[in-house]
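Shown next, in structure tokens, is the structure this report addresses.
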Amino acid sequence: MNKQWEKLNPGILKLELFCKGMRIDPTCDLEKDARLVSRIRAGLGSGLEIILPDNLYANIPVLEEFAKQSPFLLIKRSSRYYITKEGSDLCQVTIPSQPLWYQKRTSNGTLMSRVGMLQGTYLAIYPARVCSYWLSEPRQNCRFCATGLNVGVTEEAEKSVQDVVETAVAARKESRITFVHFNTGYCERKALDILAPYVKAVKEETGLLIGVQCPPQKELSKYDMMMEMGTDHFSFCFEFFNKEVFREVCPGKAETLGQETFFTAMEYTVGKMGKGKVSGEIIAGLEPIEDTLKAIDYITSIGAFPTICIFRPLAGTDYQTKPSPKFEDMLLIFRHMYEACKKNSIPTDIAPKIRVSLVVLPYEGRYFMEGYGFDDFIYSCKLTLMRLLFRTYYGIKLFLK
Ligand code: SF4
């Protein structure tokens, strides 16, 4: 291996690529070699899926304006793909190919890629109709979001339980997924009731791990129902800790829910499920850094893990002309994420074979360590032990299914 590549930190490269995007050289043949670049759900997965060194999945912005100025360039040479920066090779990367099941149809005749798509190594599905904030007059959608531009256009407007189960079965068989992630936008107070039959059916038919992400509900008993049906993970997108920014960027959430509803649901589900199974999702790059750091401290202090999305000014959204965040600022935030997870002993990367391309998750925190002390060693030993126990248990359960 090239000496330069040995020194490369793939986690930091992933972060920089998220902030700066990447240009595509004409030598690349992505139509043939890559997964479909398609905007689904809120749009964060609208980039090019690649695998960086160390098996690090990343969904890189390539379509947005800022990506056209990127110092990074993807090139193809002798059938291999490389990322270059200012004319020098940085590393070889893998372009995951399109799964064959994308082109298959369910028994209802629906194209499976319009039911769900892979994001990293898990199946992402938005089963309900478009978020109500996009339909209100005036629109109250979160300003960074593209759901209203995607649902019903690049994916089916509504998916039947049968379509979803068949797509999950195909993805499990052919792509060996272990996790299905469901999300919805705002559906008044019905999101969990809408998702329940999908969760139940997919769990019963496949035994896969299931995550649910939708605006929080005040009736907390609904979360107990979802756990009984087989939900293994909840995530809550409160987006911003800063109250003014929350109100300005997420007018619908601010008016109908308020931050407190998110916090209550998060604390309730952590209390029921235990540490490391619930996530608080925030966006870095639109609120002052100190508020993002406070959000990380809050999330980890209650036993949840932070999912930090780097703001992406998606084409067509209200915020398409905003600048992409500065890499140096993001580095600070992700270093803090690792330290906060370690301080609060948050379990990360426990479930098997889940690689996430849209965000840098706490399981990638080791790339942001500054030095390696005794506390890092203890934290890493704890995680290794937990992984071993859970993966053995899950492997046996799936085998018996
Ligand atoms: S709640 Fe906000 S981010 Fe989620 S789908 Fe609706 S507008 Fe988009």
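All heavy atoms count here, side chains included; hydrogens, waters and symmetry mates do not. Read the numbers this way: they start at 1 and go in the same order the structure lists the ligands and their atoms.
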> Near atom 2 (Fe) of ligand 1, is there an N/O/S atom from Cys142 that is less than 2.8 Å away?
Replying inline: yes
>> Show me which atoms of ligand 1 lie under 4.0 Å from any heavy atom of Tyr133.
In response: 1 (S), 6 (Fe)
>> Would you say Asn141 and Thr147 are linked by a side-chain donor-acceptor pair, where the criterion is simply a distance under 3.5 Å?
In response: no
> Less than 4.0 Å between a side-chain N and a carboxylate O, is that true for Lys76 and Asp29?
Replying inline: no
> Cationic tip of Lys243 within the cone over Phe246's six-membered ring, i.e. under 6.0 Å and within 45° of the normal?
Replying inline: no
> Is any side-chain N of the basic residue among Asp375 and Lys342 closer than 4.0 Å to the acidic one's carboxylate O?
Replying inline: yes
> Counting from 1, what ligand 1 atoms have a heavy atom of Gly185 closer than 4.0 Å?
Replying inline: 5 (S)
> Short list, please: which atoms of ligand 1 are under 4.0 Å from a heavy atom of Thr147?
Replying inline: 5 (S), 8 (Fe)
> With the threshold set at 4.0 Å, does a side-chain nitrogen-carboxylate oxygen contact exist between Arg366 and Asp376?
Replying inline: no
> In terms of atom number and element, which parts of ligand 1 are under 4.0 angstrom from non-hydrogen atoms of Cys131?
Replying inline: 1 (S), 5 (S), 6 (Fe), 7 (S)
> Between Asn141 and ligand 1, which residue portion shows a heavy-atom distance shorter than 4.0 Å: side chain, backbone, both, or neither?
Replying inline: both
> Are Lys253 and ligand 1 in contact, using a heavy-atom cut-off of under 4.0 Å?
Replying inline: yes
> Run the side-chain contact (heavy atoms from CB on, under 4.5 Å) check on Cys145 and Trp134 step by step: do they pass?
Replying inline: CA-CA 10 Å; Cys145 170; Trp134 278 88; 3.6 Å; yes
